[in-house]
Amino acid sequence: MRIRLNINGKDYESDVEPRTLLVDFIRDVAGLKGTHIGCETGSCGACMVLLDGKPVKSCLMLAAQAEGKKIVTVEGLSEGGKLNAVQKSLSQKKALQCGFCAAGFSIMGTWILENEQDTDYERVKSDLAGVVCRCSGYEPIINAIVEAAKNERKD
Ligand code: FES
Ligand code: FES
């Protein structure tokens, strides 16, 4: 079937199998490899994207279900090569190790900054519960997102 998806403000159109997963469309059709595949069962969060502003695990959706919606991947969080507040904080705090989980934490962190009133340590930790870091670097990641939220709110 022919599917057209809007990803990071750009339309991508292709003939794909009806069973094509959103994550596979993003990686293989759009060529956006920052969205990773860790488990394909909804457990790790490496495939997280924003769909009309809401975080979703793109391995749990068919590409066809995302037609007509605005998809943002980790590549779409930066503008003109400038990292957003969450990405900058993760980088400055050296919060990531191998980086495999970067898309999940960057997407969730961005959603937290844009949607949560309360961004203390416990709230951020609980919001991040669906994203797994196999390098087990949770503390610096949570702290980096808490700090990014604090800095945003100062401005
Ligand atoms: S690959 Fe989607 S949650 Fe792990
Ligand atoms: S930094 Fe390696 S999986 Fe998170």
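The structure presented is a predicted model; accordingly, all values stated were derived computationally and were not measured. The figures here come from the full heavy-atom set of this structure, side chains too, leaving out hydrogens, waters and symmetry mates. Read the numbers this way: they start at 1 and go in the same order the structure lists the ligands and their atoms.
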Salt-bridge contact Glu147-Lys93 (side-chain N to carboxylate O under 4.0 Å):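 Looking at Lys93 together with Glu147, the answer is yes, because their closest N to O distance falls below 4.0 Å.
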
Between Lys33 and Asp28, does any side-chain N to carboxylate O distance fall below 4.0 Å?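 Salt bridge present between Lys33 and Asp28.
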
Can you tell me which residue pairs pass the side chain to side chain donor-acceptor pair (under 3.5 Å) test with a partner in residues 104-118, sequence neighbours excluded?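 Residue pairs with at least one partner in residues 104-118: Asn84-Thr110.
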
Sequence neighbours left out, what pairs pass side chain to side chain donor-acceptor pair (under 3.5 Å) with at least one residue falling in residues 41-58?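 Matches after skipping sequence neighbours: Thr41-Ser43.
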
Is there a path from Val16 to Val49 through hydrophobic residues (I, L, V, M, F, W, Y) whose side chains come within less than 4.5 Å of each other?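 They do share one cluster, since a chain of ILVMFWY contacts under 4.5 Å joins Val16 to Val49.
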
Do Val72 and Met48 sit in the same hydrophobic cluster, where Ile, Leu, Val, Met, Phe, Trp and Tyr count as joined when their side-chain heavy atoms come under 4.5 Å apart?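 Both belong to a single hydrophobic cluster.
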
Distance below 2.8 Å from atom 2 (Fe) of ligand 1: how many protein N/O/S atoms qualify?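 Considering protein N, O and S only, atom 2 (Fe) of ligand 1 has 2 within range.
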
Lys/Arg cation over aromatic Tyr12: Arg4, 6.0 Å, 45° cone: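 Verdict for Tyr12: no cation-pi partner in Arg4.
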
Take atom 4 (Fe) of ligand 2 and tell me which protein N, O or S atoms are nearer than 2.8 Å.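 Protein N, O or S atoms closer than 2.8 Å to atom 4 (Fe) of ligand 2: Cys101 SG, Cys133 SG.
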
Relative to each other, are the rings of Tyr138 and Phe105 parallel, tilted or perpendicular (30° and 60° limits)?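 Plane angle over 60°, so perpendicular.
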
Without hydrogens or angle criteria, can the side chains of Ser89 and Asn151 be said to hold a donor-acceptor pair below 3.5 Å?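 Their side chains do not contain a donor-acceptor pair, so the 3.5 Å distance test is not met.
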
